[in-house]
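Accompanying notes for the structure given below.
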Number of protein chains: 2
Amino acid sequence: MELQKITHAARRRYEDACGAAHALDLVGERWALLVIRELMLGPKRFSDIRAGLPGISANVLTQRLEGLEAAGVLARKRLPPPASAQVYELTPWGYESEPIFQALGRWAARSPSHDPSLPLSAVSLLLSFRTMFDPERARDLDARIGLRLGEESFLVRIADGRIRAVRGAAAGTDLVLTGEAPAVAAAVYGGQSLAALEAAGALRVEGDRALAERFVTLFPLPPKVA
Amino acid sequence: MELQKITHAARRRYEDACGAAHALDLVGERWALLVIRELMLGPKRFSDIRAGLPGISANVLTQRLEGLEAAGVLARKRLPPPASAQVYELTPWGYESEPIFQALGRWAARSPSHDPSLPLSAVSLLLSFRTMFDPERARDLDARIGLRLGEESFLVRIADGRIRAVRGAAAGTDLVLTGEAPAVAAAVYGGQSLAALEAAGALRVEGDRALAERFVTLFPLPPKVA
DNA sequence: CTGTATCCGTGTTGATACTG
DNA sequence: CAGTATCAACACGGATACAG
């Protein structure tokens, strides 16, 4: 009895050598993978993580951060005195989990029940660009695009049939899109025209408009099943 | 109050357009991915799924099978009268989830806390072969290998730097390995010699012994982090 | 033999309120 | 802003009983 309790207290794990099972021991709890997702483009503070995760409660986020830190997926960092704030940052190995998101995302995009019109965090959108980018459609394209999504700014560089998307100020770019992440998603994945989104005040397009029209075609979704 | 309960009764979901989040809505519950894993190499009956999942309880397995069927990941099939048994089979889209397991497995293999000496199901082992296969090491190799792991038999074909692993009788092969999955895993991933495993009665090697010695080197694990 | 349904103890999750 | 405390609802795992 007592022994059973102690054995169980060691947090429910699959006792399985299978790599996937071990991965789930590490990041299989509810919210854990989405917390990692929010950190995938760079360190964030507690509240900023929360902002990208509608529905998570503070205590659960605290628990996940503790668990992920213990697993070696992320580390707490205190920024130097001027901006004395605490941030959470993925370890190098933590950053290596991106293929997991790509595999999950690609697979789920074909789900009959996937609803792309739900809210979307800025990081999700940028990661989806890295996942869904089609080199064929970007052939001979060389462009710098700035995205201002709410509070966050990102820089997307497309060249040589590859895409790079990082956090950073949208300066010195050929094009800047400003709006909330769901508005940009509506243009790229929802088939809504840039003109309509601009007219509705959901999006602002500055710079090379032809580039903007092409940009939104670079990320084709796989065909839905059934 | 009542309304809240109804809203919640619709099974806890992330309200998030992110593909990864939707994938977790579908297969993020405890055991769900491992149930899919067990079906990855072909249909199975309830009890055979359970046998590969030490620790799952019957009622939880029932719930997961219902959920995965509703999500369109698997389907129930009743075999024709002679062998009138019910089996669960992944849908074509369900089979497409294999990259998720490969991404999870590759990432978790580098985890400091991964313990390859835990029990392992036959299907896990075969999937790990498909994931960890190194084409370079198999250059110029053309071989047919049979594996008899407990009740289950598999056929592994290696040719042209590619590997194919399917369920099937181990007939007409150059080599047959017989034993439990963890014994084969000990040889391939644990660095234990075939001779030692044979001496211990854990493994039987029939056919091309040189091939057996080479086979166990074809699946290198990535270096552990830290 | 192959599942399914129900009860029960426990742990996990999530909403709210609250503190440094 | 960055969490902690509390509590209610739920999910999990085990046992058992039941149906085809």
Side-chain angles (χ1 to χ4, degrees), chain A residues 1-16 24-25 27-35 38-39 43-69 74 76-79 83-89 151, chain B residues 1-16 24-25 27-35 38-39 43-69 74 76-79 81-89 151:
Chain A
M1 276 296 161
E2 282 306 311
L3 285 174
Q4 266 201 358
K5 281 183 97 164
I6 289 164
T7 311
H8 265 79
R11 221 155 111 267
R12 235 174 336 195
R13 273 171 309 170
Y14 304 110
E15 300 288 340
D16 196 318
L24 296 172
D25 284 337
V27 298
E29 284 172 306
R30 193 166 164 73
W31 294 109
L33 270 172
L34 300 189
V35 170
E38 286 303 306
L39 297 176
K44 279 194 175 193
R45 289 180 307 181
F46 190 93
S47 307
D48 294 330
I49 298 172
R50 238 192 129 178
L53 262 24
I56 197 173
S57 55
N59 52 2
V60 170
L61 179 53
T62 300
Q63 287 171 228
R64 290 303 162 274
L65 290 170
E66 283 169 356
L68 293 171
E69 185 179 18
L74 58 78
R76 242 165 249 261
K77 272 196 172 177
R78 179 159 292 287
L79 295 182
S84 187
Q86 183 164 238
V87 296
Y88 298 86
E89 179 169 25
E151 304 287 286
Chain B
M1 275 295 164
E2 283 304 311
L3 285 173
Q4 267 203 359
K5 280 182 102 165
I6 290 163
T7 312
H8 265 80
R11 229 158 103 264
R12 233 169 342 190
R13 274 172 308 172
Y14 304 110
E15 301 286 341
D16 195 319
L24 295 173
D25 284 337
V27 298
E29 285 171 306
R30 192 166 163 75
W31 293 110
L33 270 171
L34 300 189
V35 170
E38 285 304 304
L39 298 176
K44 281 194 175 192
R45 290 179 305 184
F46 189 92
S47 306
D48 294 331
I49 297 172
R50 238 193 129 176
L53 262 23
I56 197 173
S57 55
N59 52 5
V60 170
L61 180 52
T62 299
Q63 285 171 229
R64 289 305 162 271
L65 290 170
E66 283 168 356
L68 293 172
E69 187 180 15
L74 56 79
R76 245 164 247 261
K77 273 197 171 176
R78 180 159 293 285
L79 295 182
S84 186
Q86 182 165 232
V87 296
Y88 299 86
E89 180 169 25
E151 306 285 286

Handout entry: Listed partners of B:Glu89 passing salt bridge (charged side-chain N to carboxylate O under 4.0 Å, His left out), at least two apart
Key = B:Lys77
Problem - Value rounded to 0.5 Å, distance of CH2 in B:Trp31 from CG in B:Leu65 - result: 13.0 Å
Practice task
Specify the separation, in whole Å, of atom CD of B:Glu151 and atom C1' of C:dC1.
Solution key: 15 Å
Handout entry: B:Ser47 side chain near C:dT2 phosphate (N/O to OP1/OP2, under 4.0 Å)
Key = yes
Practice task
Give the rounded distance in Å between these two atoms: CZ of B:Arg78 and P of D:dG20.
Solution key: 13 Å
Practice task
Return no unless some side-chain N or O of B:Arg12 is found under 4.0 Å from OP1 or OP2 of D:dA9.
Solution key: no
Problem - Spacing between A:Ile56 atom CD1 and D:dA2 atom C1', to the nearest angstrom - result: 14 Å
Problem - OP1 or OP2 of C:dT13 under 4.0 Å from side-chain N/O of A:Arg30 - result: no
Exercise for the section: Would you check if B:Tyr14 and A:Leu53 make a side-chain contact, meaning some heavy-atom pair closer than 4.5 Å? Expected result: no
Problem - Passing candidate, salt bridge (Lys or Arg N to Asp or Glu O under 4.0 Å) with A:Glu38, options A:Lys44, A:Arg64, A:Arg50, A:Arg45 - result: A:Lys44
Practice task
Mind calculating the distance between CG (A:Asp48) and P (D:dG3) to the nearest angstrom?
Solution key: 12 Å
I'd like a table of atom pairs between the protein and nucleotides 4-6 of chain C - only N or O on both sides, under 3.5 Å - with the distance next to each one.
unit_1	atom_1	unit_2	atom_2	d
C:dT4	OP1	B:Arg76	NH1	2.9
C:dT6	O4	B:Asn59	ND2	3.2

Exercise for the section: Using atom CZ of B:Arg45 as one end and atom P of C:dC1 as the other, report the distance to the nearest whole Å. Expected result: 11 Å
Fill in the blank from the handout: Rounded to whole Å, CZ of A:Arg13 lies from C1' of C:dG11 at a distance of 16 Å
Practice task
Side-chain contact test, heavy atoms from C-beta onward, threshold under 4.5 Å: evaluate it for A:Leu34 versus B:Leu24 and give yes or no.
Solution key: yes
Practice task
Using only side-chain N and O atoms of B:Trp31, determine if any of them is under 4.0 Å from OP1 or OP2 of D:dG13.
Solution key: yes
Problem - side chain to side chain donor-acceptor pair (under 3.5 Å) partners for B:Ser57, two or more places apart - result: B:Asn59
Problem - CD on B:Gln86 to CZ on B:Arg76, rounded to 0.5 Å - result: 5.0 Å
Practice task
Using whole Å, report how far CD1 of A:Ile49 lies from C1' of D:dA2.
Solution key: 11 Å
Practice task
Look at the side-chain N and O atoms of A:Arg50 and state whether any lies under 4.0 Å from the OP1 or OP2 oxygen of D:dG3.
Solution key: no
Exercise for the section: Rounded to the nearest angstrom, tell me the gap between atom CD in B:Glu15 and atom P in C:dG14. Expected result: 13 Å
